[in-house]
Amino acid sequence: MVGSLGLFAQGTVVKGVVKDGDSGEPLIGVSVLVKGTSKGVVTDMDGAYSIEGVSPEDVLIYSYLGYSKQEITIGSRSVLDVTLISNASDLDEVVIVGYGVQEKRNLTGSIVSVGSDEVRKTNMQDPISLLQGRAAGVQVTSNSGAPGGGMTINIRGSSSLNAGNNPLYVVDGVPIETNVTSSLNGSENFGLNPLAAINPADIESIEVLKDAASTAIYGSRAANGVVLITTKRGKEGRAQINVNAHTGVSQITRKLDVLNASQYRSAVLDSYANSDGGREPISAIVDSLSSTNNGDVDWQSELLRKAVQTNVDLSIQGGSENTRYAWSTSFLDQDGIIINSNYRRITSRLNVDFKVTDRLTVGQSISYSNGVNNRINAAGTGNLSIIRELLIRPPSYSMYLPDGSINGYQFGKRNPVGLAEQSTNLNKTNRIIAGQYLEYQLAEGLKFRTSVNVDFLSMKEDTFIPSTLDYREGYNTGSVRSINNLTWSNENIVTYQKQVDGKHNVGGLVGFSYQDWDYERTGLDGMFFPSDDIRTMNGAGTISNQGVNITTSHSLLSYFGRVSYDYDRRYLFEANLRADGSSRFGRDNRFGFFPSASVGWRFSDEGFLSGVGVLDDGKLRFSAGQTGNEAIGNYTSQGEFMVGTNYLDYSGAAPTVMPNSGLTWETTTQYNAGIDLAFWQGRLNLTVDAYIKDTKDLLYNVPIPRETGFGYITQNIGKIQNKGIEVLLNTHNVTTQHFNWSTSLNISTNTNIVKELPEELLTNGFIQNGNYHILQEGYPIGTFFGWRFDGVYARDEDNVNGVTNGSQGPVYEGGDPIWHDLNRDNVIDQNDRQVIGNATPDFFGGITNDLSYKNFSLSFMFQFSYGGEIYSEINHQRNSIVRYNNLSTDALTRWREQGDITDFPKPVQDDPLQSDSRIQSRWVEDGSYIKLKNVNLRYSLPLKLVNRIGLTRMDTYVTGTNLITWTKYTGFDPDVSSYSGLRIGVDEGSYPQSRTVIVGLSIGL
């Protein structure tokens, strides 16, 4: 409502007060802008404003977050008091969808959104981390806690065996490359985070498309979901200059207990005493007077540190009626909690939109990032893994030799401090993501849009391991890689939108796109450099591995369309169809077709519910459709050759991949049913979705006889099913003049089952999937398989059945492990292996509370996961004495003599029972956890004070991340997976997660 309290006299000043339409309280910080200009002000602490230099025909625009915008012509008035009406209902939000936008209340698909308000409350440095605990149906797991480290995102479960389970990412309409491009990853099973180049401060919103109705428009790349990232664009009004700076400290969330030097020597002596014949130990291991064995080093304290990070963001946004712009730049300097690890990133972005005529609009988005990652080879099971070495290198091994040089290698253990400080593992990345568009209005409601998009990534990698860390005199190694990855696309779209008779809304879209990928990698490996100070390839005595030099490409040709209709926003219908042609498949199956259809019914608008006052909005949704997966090698269907298979002095090439022209797409058929409810004027919003997701024609590398000359052939086999329920609840608990409290809860469950596998691929009814997992019909992906550990024999006579290790092996005695004899034949062998765990959680989610009191605001989020198990290979490594590893303090309770009751077997050097080498349930742990993931406390200085110093706002804040974790898991952190894809839930010693606290200042000019 608008009240006139005066007439427009000779002056050119208009003033007034802006209030809340419900409470009548003044609103602080409302933007008041003269339409078509950059002239504007914001309301003060009393909700008052005053704007000069206006005329009667000018229009004032009043806008405020969470309220409906108003536009008012000044006319003859000099005083304008305005009340703004809250649009608190979550269902009134506008969300990004495939090739367009849509009001959330009109959605018939399943989409979850994370906005910029959530971004500013966190300290996350990449877009994937922002989704963790905030998006229903989206499971995000850390592969590494290193700066710029990898993450795994899984939307509604794993639906592929070989072809990848990563979603498609689209940034401002640009489909970008998100496969890991780093190739020198050491012993780690994953690379750098491909999205670390995107500055989260630039993000306006992230939409995750989950069901087929939302994703089918993206066709063959959408079986695992689609993530749409939209960056901030300029808005009409005066330039808004924002500066945000923070600094903070990170440290390990907890250390793991290990034996000291004295305790370790005692365990070693026990292991020799328990061996056959009671052999004498190697003196160099237990001799405390030896110059290389007289230490008592706490390797965790030597390697782990308090790490400092600094981040500065600068952005400018604004525009006029015809030109809008948004520019930003940022600098991040982030030390890792392991010494000598660091990530530095510079980003810059420019988004511009020009309204050339009433019909023609053009624009562009361009971003550049430069990242320098001084990496640490943290994960893996080899002795180049720093995490493995800092836990298992005996504390008795000295740090330095008598001459002052580092004790780099001793009895198979490398010095982890030397690995961190003296090795090189450097990654330099430059990335440009750009797009430009032209949009022309052909007629009322009819638009044509064409765009050209580019994603270019250039990467340089260098590694070097000096001779000081090896037992071979003068043996040092180095590698270099140079990678260029170019993705470009062209999209052409015609859209139509029409309203008929005020109630019939008709929409349509047809489009054509082409996308091309070109990848090039060059590099060499070298060894025997003349000095550890010479680390370039021209210094290597031996050059090898020319086979890393490759060039590949592939392309995708697509046609797509969508039609939509709704009657009075009550009865909703939408259908999509996409046809994709991929160069990765043979001519007979090159094109795949991916349809979807969805309907919605807003039952709250029906007459029979008109008397239900508490219900603001209620809608039922149902969708069905198909999506695909083409994530295989570029030339798999055609076959591949390897060059370098030379004969004498003649170059040669040999076939390495058997062709299969009959290969076709993986196809996922998904059904989704959902309900959206809003109660009590938007104070409570509930969304519930249930889905079934069936995938067939799985792309899998099928082993074939070696006599063919090949090891495998890629074929379409088997079926996988995912089904689950997702719940999202948003509540505005308290809304008063000075105090507000809102809560957001999401919880998801997903059941994954392998439904069908070809009989000819099975051995004993399953497929061995790496060291720890199997694939078996009726069981989920992530099933652990091995021997069941049932404890320790307290006495020799407790083995009443005379169970033996193998048919000819020794009888188990006191102190030996008790293995479950599955077939009861009193022999422990391969036939006693069984399912020992499952990495898939029963449910997961997060809950966020936002509170504000006057100028203070507090936000805190708990993230949780329940039921998933972890195979802790790192705990196996640090409880295995046979390799002279140090042990955890659990070894203090080890079996020592007849009658001891314990779960820790006696240590045995060169154990003939091979107890340590078995994949066993002893290392399967409960991975459930509740984590205080994020806390943000913010204070906004009073506007009267801020305005006096020429600012529009000033906020100070403190943010904490990973503050507390409640879990039974005994490793560093239960949010871990050393593998992605099928081999989930394994901890081989990843770079640990850190607890971070930052303080920051955010100002507006």
Side-chain angles (χ1 to χ4, degrees), residues 121-126 128-133 140-152 188 190 192-193 196 200 246-257 298-311 332-345 371 373-379 385-391 416-417 420 425 860-863 865 870 874 927 929-936 958-967 969-978 987-1000:
K121 299 171 189 173
T122 73
N123 180 41
M124 303 304 178
Q125 301 299 340
D126 69 274
I128 302 178
S129 299
L130 295 172
L131 298 173
Q132 195 168 32
V140 179
T141 307
S142 299
N143 298 126
S144 170
M151 308 280 290
T152 296
E188 297 182 347
F190 45 85
L192 297 177
N193 186 342
H246 73 246
T247 187
V249 176
S250 301
Q251 61 184 15
I252 190 74
T253 55
R254 65 173 173 181
K255 293 182 179 180
L256 303 185
D257 294 329
D298 181 351
W299 295 107
Q300 292 181 78
S301 296
E302 296 290 338
L303 265 293
L304 301 172
R305 65 178 176 181
K306 290 185 177 180
V308 178
Q309 64 174 270
T310 302
N311 187 82
L332 169 68
D333 187 354
Q334 183 180 9
D335 286 336
I337 59 173
I338 297 179
I339 60 173
N340 208 35
S341 59
N342 171 269
Y343 179 54
R344 292 187 180 184
R345 182 189 67 196
N373 198 320
N374 194 26
R375 302 177 65 186
I376 291 294
N377 185 41
S385 164
I386 285 181
I387 293 301
R388 177 184 181 273
E389 294 299 278
L390 71 84
L391 290 174
V417 174
N425 197 345
F860 56 94
M861 186 193 83
F862 290 92
Q863 178 202 349
S865 178
I870 299 172
I874 190 61
Y929 65 89
I930 300 175
K931 180 175 292 194
L932 182 54
K933 185 67 176 180
N934 191 83
V935 176
N936 176 260
V958 178
T959 301
T961 307
N962 288 333
L963 295 179
I964 306 173
T965 301
W966 293 272
T967 184
Y969 182 58
T970 59
F972 283 117
D973 197 294
D975 176 23
V976 63
S977 184
S978 295
D987 183 2
E988 288 187 342
S990 299
Y991 196 115
Q993 300 290 307
S994 59
R995 178 187 297 114
T996 302
V997 177
I998 65 168
V999 294

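Numbering starts at 1 and runs along the sequence shown. Keep in mind it's a predicted model, so treat the numbers as computed, not measured.
Across I376 and S341, no two heavy atoms sit closer than the pair CG1-CB, 3.3 Å. Heavy atoms only, all atoms of each residue included: S978 and S990 are closest at OG-OG, 3.2 Å. Listed here is the closest heavy atom pair of W299 and L390: CB-O, 3.3 Å.
Crowding of K306 atom NZ: a count of heavy atoms from other residues, nucleotides or ligands under 6.0 Å not exceeding 12. When the shell of 6.0 Å around CD1 of I930 is examined, it contains 12 or fewer heavy atoms from other residues, nucleotides or ligands.
Looking only at distances, no side-chain donor or acceptor of R995 sits under 3.5 Å from a matching main-chain atom of Q251. Side-chain N or O atoms of N374 include one that pairs as donor or acceptor with a backbone N or O of N340 at under 3.5 Å. In this structure a side-chain-to-backbone donor-acceptor pair under 3.5 Å is missing from S142 to G145. Side chain of Q300 to backbone of L256: a donor-acceptor contact under 3.5 angstrom is found. Remark: side-chain polar atoms of S144 are not paired, donor with acceptor, to backbone N or O of G150 under 3.5 angstrom. Between the side chain of Y343 and the backbone N or O of G336 there is no donor-acceptor pair closer than 3.5 Å. A donor-acceptor pair under 3.5 Å links the side-chain atoms of N934 to the main chain of K121, judged by distance alone. Not a single donor-acceptor pair under 3.5 Å links the side chain of R345 to the backbone N or O of N373.
Applying the side chain to side chain contact (heavy atoms under 4.5 Å, CB included) criterion to N123, with sequence neighbours excluded, gives Q125, H246, Q309, T959, T961, T996, I998. Taking R344 as the reference, D333 meet the salt bridge (charged side-chain N to carboxylate O under 4.0 Å, His left out) condition, with sequence neighbours excluded. The salt bridge (charged side-chain N to carboxylate O under 4.0 Å, His left out) search around K931 returns D973, not counting sequence neighbours.
A donor-acceptor contact closer than 3.5 angstrom is absent between the side chains of T152 and T141. A donor-acceptor pair shorter than 3.5 Å cannot be found between the side chains of Q863 and D975. If you check the side chains of K933 and T122, you find no donor sitting under 3.5 Å from an acceptor. A donor-acceptor pair shorter than 3.5 Å cannot be found between the side chains of N377 and N425.
Separating the CD atom in E389 from the CD1 atom in I387 is a distance of 10.5 Å, to the nearest 0.5 Å. Atom CD1 of residue I870 and atom OH of residue Y969 lie 5.0 Å apart, to the nearest 0.5 angstrom. Rounded to the nearest 0.5 angstrom, R305 CZ and S994 OG are separated by 11.0 Å. Residue N143 holds its CG atom at 9.0 Å from CG of N193, rounded to the nearest 0.5 Å. For the atom pair CG (L303) and CD1 (I386), the distance works out to 6.0 Å, reported to the nearest 0.5 Å.
Side-chain contact between P992 and T253 is absent, with no heavy atoms from C-beta onward closer than 4.5 Å. For the pair T965/Q993, no side-chain contact is recorded, criterion being any heavy-atom separation below 4.5 Å from C-beta on.
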Before you tell me yes or no, could you show the steps for S301 and K255 under side chain to side chain contact (heavy atoms under 4.5 Å, CB included), namely the whole-Å CA-CA distance, both residues' side-chain angles and the distance that decides it to 0.1 Å? CA-CA 9 Å; S301 296; K255 293 182 179 180; 3.0 Å; yes

Determine, stepwise, if the pair I338 / L304 fulfils side chain to side chain contact (heavy atoms under 4.5 Å, CB included). CA-CA 5 Å; I338 297 179; L304 301 172; 3.9 Å; yes

Can you list the steps and then say if F860 with L963 is a side chain to side chain contact (heavy atoms under 4.5 Å, CB included)? CA-CA 11 Å; F860 56 94; L963 295 179; over 6 Å; no

